[in-house]
Amino acid sequence: MAVLGSGSGGNATILESGNTRILIDAGLSAKQIVLRLEMLGVDPDSLTGLVLTHEHSDHARGVDVFLRKRRIPLFANAMTKEALEWNLKSDIEWKVFQTGQGFQLGGLHVHPFPIPHDAAEPVGFVVEQGGTRFGLVTDVGYITQAMRSHLKGSHAIFVESNYDEDMLEADTKRPWSTKQRIASRHGHLSNTQAGELLADVGCGLLQGVVLGHLSGDCNCPDLATKTVQGLLDHGGLDHVKVLCAQQDAPTEWLEFGTESKPGVALDGDLIQTELF
């Protein structure tokens, strides 16, 4: 997997196994999606499908233009489709899934599960193939038991780690009401909440974690990594590697699963190796 970009300016993640390539969310502009896929050696026309977590612009902004000349099926649940389709001009090949029921997408089995967020019908995903399990959760205000149960047993997890509590409290740019929303059950996960979730669901199978949706004002990659890694270490998961996605540049490919080899090299915020 690789994260094309993550943050309030747009989110998109590419996941590949065998001949199947799926794009999870398309919140970047179509131009940026194409550019960053090509940076990773991926022909945009080769995607097996595009899957959406929810309809908010930072997760779906690029859908219309990206699919205007491409016959790539768009997978979404009924409420997300309804929230989006009235504003789309492209002839979309919709594939409607039911939240809570898994479906096959090429060689991958995708299981969408409900998450708490102020969208029509937001979901997280667990994607499985050949004994390898990947979990993705972004834009959630609090941790539910469903999230915990679905993420358990994952080899890799992408999770939002939006803000540091002290930095948010000290921020002078945001009014009190905005701070309250960010930290509320309708907001986002803090570094501590993300770390506690990962420490709770992690096990010997978990090889690596990618943190996303970091606030540009109320967080930084070093602090997020340190906080989450500390909570994982405290929970006996010191073998798990923690990496941060960026808004303005894609990560390198990250390889994980039952056949991946140990080892990681990290330089600043960018992942410089194919292996967790």
Side-chain angles (χ1 to χ4, degrees), residues 1-7 11-17 24 36 39-41 108 124-138 140 143 147-148 150-164 188-215 219-276:
M1 60 89 71
V3 180
L4 303 187
S6 183
N11 298 270
T13 300
I14 178 87
L15 187 65
E16 176 180 295
S17 182
I24 302 176
R36 298 184 194 195
M39 289 172 66
L40 293 166
L108 298 171
F125 291 111
V126 167
V127 185
E128 296 182 275
Q129 191 273 331
T132 296
R133 186 179 181 93
F134 169 71
L136 180 143
V137 174
T138 183
V140 291
I143 297 164
M147 289 166 55
R148 292 188 181 95
H150 283 96
L151 293 176
K152 281 185 180 294
S154 296
H155 292 81
I157 296 175
F158 176 94
V159 64
E160 80 159 353
S161 188
N162 183 251
Y163 65 95
D164 171 76
H188 296 277
L189 294 184
S190 68
N191 296 337
T192 300
Q193 289 172 310
E196 289 174 346
L197 170 64
L198 294 165
D200 187 25
V201 304
C203 62
L205 294 175
L206 185 61
Q207 297 168 358
V209 171
V210 180
L211 306 179
H213 226 301
L214 272 68
S215 168
N219 208 353
C220 67
D222 288 345
L223 184 56
T225 302
K226 181 179 179 181
T227 301
V228 172
Q229 190 79 66
L231 288 165
L232 287 169
D233 292 351
H234 183 72
L237 297 169
D238 56 338
H239 65 281
V240 178
K241 306 301 180 184
V242 180
L243 312 164
C244 286
Q246 297 186 47
Q247 180 68 88
D248 299 326
T251 67
E252 298 290 338
W253 282 106
L254 299 169
E255 187 176 305
F256 61 90
T258 55
E259 297 181 358
S260 65
K261 301 174 184 178
V264 67
L266 192 61
D267 181 14
D269 305 327
L270 279 176
I271 300 157
Q272 302 291 343
T273 178
E274 294 182 347
L275 301 173
F276 270 121

State, to 0.1 Å, how close A2 and L40 come at their nearest heavy-atom pair, and which atoms those are. CB-CD1, 3.7 Å

Tell me which one of L223, L214, T192 satisfies side-chain contact (heavy atoms from CB on, under 4.5 Å) with D164. L223

Between V127 and L136, does a side-chain contact (heavy atoms from CB on, under 4.5 Å) hold up when you go through it step by step? CA-CA 8 Å; V127 185; L136 180 143; over 6 Å; no

Any idea which heavy atoms bring I143 and L189 closest together, and the distance? CG1-CD2, 4.1 Å

Can you name the closest pair of heavy atoms from V201 and I157 and give their distance? CG2-CD1, 3.9 Å

Any chance NZ of K152 has more than 12 other-residue heavy atoms, nucleotides or ligands included, within less than 6.0 Å? yes

Do the side chain of H239 and the main chain of L206 share a donor and acceptor less than 3.5 angstrom apart? yes

Search all heavy atoms of S161 against all heavy atoms of A224 and return the closest pair with its distance. OG-CB, 4.2 Å

Could you walk me through whether L243 and L254 pass the side-chain contact (heavy atoms from CB on, under 4.5 Å) check? CA-CA 10 Å; L243 312 164; L254 299 169; 3.8 Å; yes

Side chains of S215 and N162: donor-acceptor distance under 3.5 Å anywhere? no

Let me confirm one number: the CG-CG distance from L231 to L197, rounded to the nearest 0.5 Å. 11.0 Å

So do the side chains of S17 and T132 get within less than 4.5 Å of each other, counting heavy atoms only? no

Taking side chain as C-beta onward, heavy atoms only, is M1 less than 4.5 Å from V210? yes

Under 3.5 Å, side chain of Q129 to main-chain N/O of L108, donor-acceptor pair present? no

Do F125 and F134 come within less than 4.5 Å of each other through their side chains, counting heavy atoms only? no

Would you confirm whether N11, through its side chain, and H213, through its main-chain N or O, come within 3.5 Å as a donor-acceptor pair? no

For the pair R36 (side chain) and V3 (backbone), establish whether a donor and an acceptor sit closer than 3.5 Å, ignoring hydrogens and angles. no

I'd like to check V159 versus L211 (side-chain heavy atoms, cut-off strictly below 4.5 Å). Are they in contact? yes

I need the minimum non-hydrogen distance between M147 and V137, along with the two atoms involved. CE-CG1, 3.7 Å

Locate the shortest heavy-atom distance separating P221 from C244; write the atom from each residue and the value. O-SG, 3.6 Å

